[in-house]
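Okay, so here's the structure we're looking at.
Quick note: residue numbers are just sequence positions, from 1. Hydrogens, waters and symmetry mates are skipped; everything else that's a heavy atom, side chains included, is used.
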Amino acid sequence: SGTAVSVAEGNGGTTLALFPLRISAPLEVPVIVQYQTADGSALAGSDYMAANGTATIPAGATEVTIPITVLADATLELTETFTVLLSSPVNATLATATLTGTIQNDDDQPVLQISPATVTAGPGGPFLAWIEIKLPEASTSLGFPVAYAVATRNGTALAGTDYTPITGGVLTFPPGNGTPASLWITVSVAGNQNAGGGPTQFHVDFTPLTGPASILSTEVKIEPLRVTAFSRIGLGFYTVSFPTGIAQNYVIQQATSLAGPWSDKTSVIPGTGNPVDEFLLFASQPRAYFRVRSFTTPPATPANLGSNP
């Protein structure tokens, strides 16, 4: 009888996959069997060296090994298999005629570039935190999908209260053509958070599903909607100022009464690097009320997160 063998591919040179052949008790005559390799997902010449020959268990012995050379490289691949076919036994019968060799990938998963995200939880909501995930150019010529499990993790922001958690999500980059690839995912964030207080945050973790690599994480910051100043500077003219560094769009709305109806006055995008981002407003009616609402403009179509079986 023979047994299947599994070996780590390695990053250079060669590795031997040793297939043992055994008989239950020693005989006074040799046991002879023919063998030949056959491709599976592993290919002769690039993943292993094709081989064929005769394996002999000497008289009085119980075991012999068939050595098959595995070719190592530093290229990320899926785990692959080949087979050793046994035939024409002499002085014994075959319990199995096919032995499977498994070449385990031991190369690191491609390193993702993950952008942090900031979302302003103003009136209304929910709002979307957009997270961009990039696969480097050198990794996108792979001939198979690259997949990561995706899950959120609490920080000072809490799942179910401040944001909608992701559990069991899978982000998959399809096989590429050697150019950088970029996908987006979204996390829903509740509105009306911590007005007048400081920001909160949670994390999104990416765990590789093939190849040894560390879990990668990014932070999502939730900023409360803040206006640093709202001032009348002349008849019918006002300025509104926002804190800098918040990558979030706002829309300023105007009405003639607090009951509304409210109409969009202007859209502004803070974070230009000035001490404050200040915008001039003009009241087109004798009595005017203003309010500020936050919104998010999608940067791209989000990636679909499937289930992790």
Side-chain angles (χ1 to χ4, degrees), residues 1-111 135-148 172-178 207-214:
S1 66
T3 56
V5 171
S6 179
V7 296
E9 177 190 49
N11 292 323
T14 60
T15 302
L16 284 180
L18 301 175
F19 292 84
L21 296 181
R22 300 184 181 92
I23 56 176
S24 56
L27 301 177
E28 295 180 356
V29 293
V31 173
I32 302 171
V33 66
Q34 304 299 314
Y35 69 88
Q36 181 172 342
T37 56
D39 287 351
S41 54
L43 302 180
S46 58
D47 299 310
Y48 73 99
M49 296 296 294
N52 63 80
T54 301
T56 301
I57 300 176
T62 59
E63 182 176 324
V64 69
T65 59
I66 300 174
I68 305 297
T69 300
V70 173
L71 304 176
D73 60 46
T75 301
L76 177 66
E77 301 172 289
L78 298 176
T79 293
E80 299 168 315
T81 61
F82 64 94
T83 54
V84 176
L85 305 177
L86 306 178
S87 63
S88 305
V90 176
N91 297 324
T93 58
L94 294 174
T96 179
T98 302
L99 307 179
T100 300
T102 300
I103 304 174
Q104 297 282 352
N105 172 67
D106 58 359
D107 302 302
D108 284 345
Q109 183 85 324
V111 177
L135 190 66
E137 179 176 351
S139 301
T140 56
S141 59
L142 301 173
F144 57 89
V146 175
Y148 286 79
T172 302
F173 288 88
N177 58 4
T207 304
L209 296 179
T210 57
S214 301

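Expressed to the nearest 0.5 Å, how far OG of Ser46 lies from CG of Asp39 amounts to 8.0 Å. Here OG1 of Thr15 is found 9.0 Å from CD1 of Ile103. Values are rounded to the nearest 0.5 Å. To the nearest 0.5 angstrom, Ile66 atom CD1 is 10.5 Å from Leu18 atom CG. For the atom pair Ile23 CD1 and Thr93 OG1, the distance stands at 11.0 Å (nearest 0.5 Å).
Side-chain contact between Thr14 and Leu71 is present, with at least one heavy-atom pair separated by less than 4.5 Å. Two residues are said to be in side-chain contact when any heavy atoms from C-beta on lie closer than 4.5 Å; Leu21 and Leu86 meet this criterion. Put simply, the side chain of Val31 does not reach to within 4.5 Å of the side chain of Val90, judged on heavy atoms. Put simply, the side chain of Pro20 reaches to within 4.5 Å of the side chain of Val5, judged on heavy atoms.
In plain terms, the two heavy atoms of Phe19 and Thr3 that are nearest each other are CD2-O, 3.7 Å. In terms of heavy atoms, Val33 sits closest to Ser87 at CG2-O, 3.3 Å. Considering every non-hydrogen atom in both Ala59 and Glu28, the closest pair reads CB-O, 3.4 Å. In terms of heavy atoms, Val64 sits closest to Ala55 at CG1-CB, 4.2 Å.
Using cut-offs of 30° and 60° for the angle between ring planes, the Tyr48 and Phe82 rings count as parallel.
Residues meeting the side chain to side chain contact (heavy atoms under 4.5 Å, CB included) test with Ala50, sequence neighbours left out: Thr37, Ala44. In this structure Gln34 satisfies the side-chain hydrogen bond (donor to acceptor under 3.5 Å, both in side chains) test together with Thr54, sequence neighbours excluded.
In this structure, Thr62 contributes its side chain and Pro26 its backbone to no donor-acceptor pair below 3.5 Å.
Exactly one of Val7, Thr69, Ile68 qualifies for a side-chain contact (heavy atoms from CB on, under 4.5 Å) with Leu16. That residue is Thr69.
Within the structure, every pair that satisfies the salt bridge (Lys or Arg N to Asp or Glu O under 4.0 Å) test and touches residues 61-72, not counting sequence neighbours, is listed here: Arg22-Glu63.
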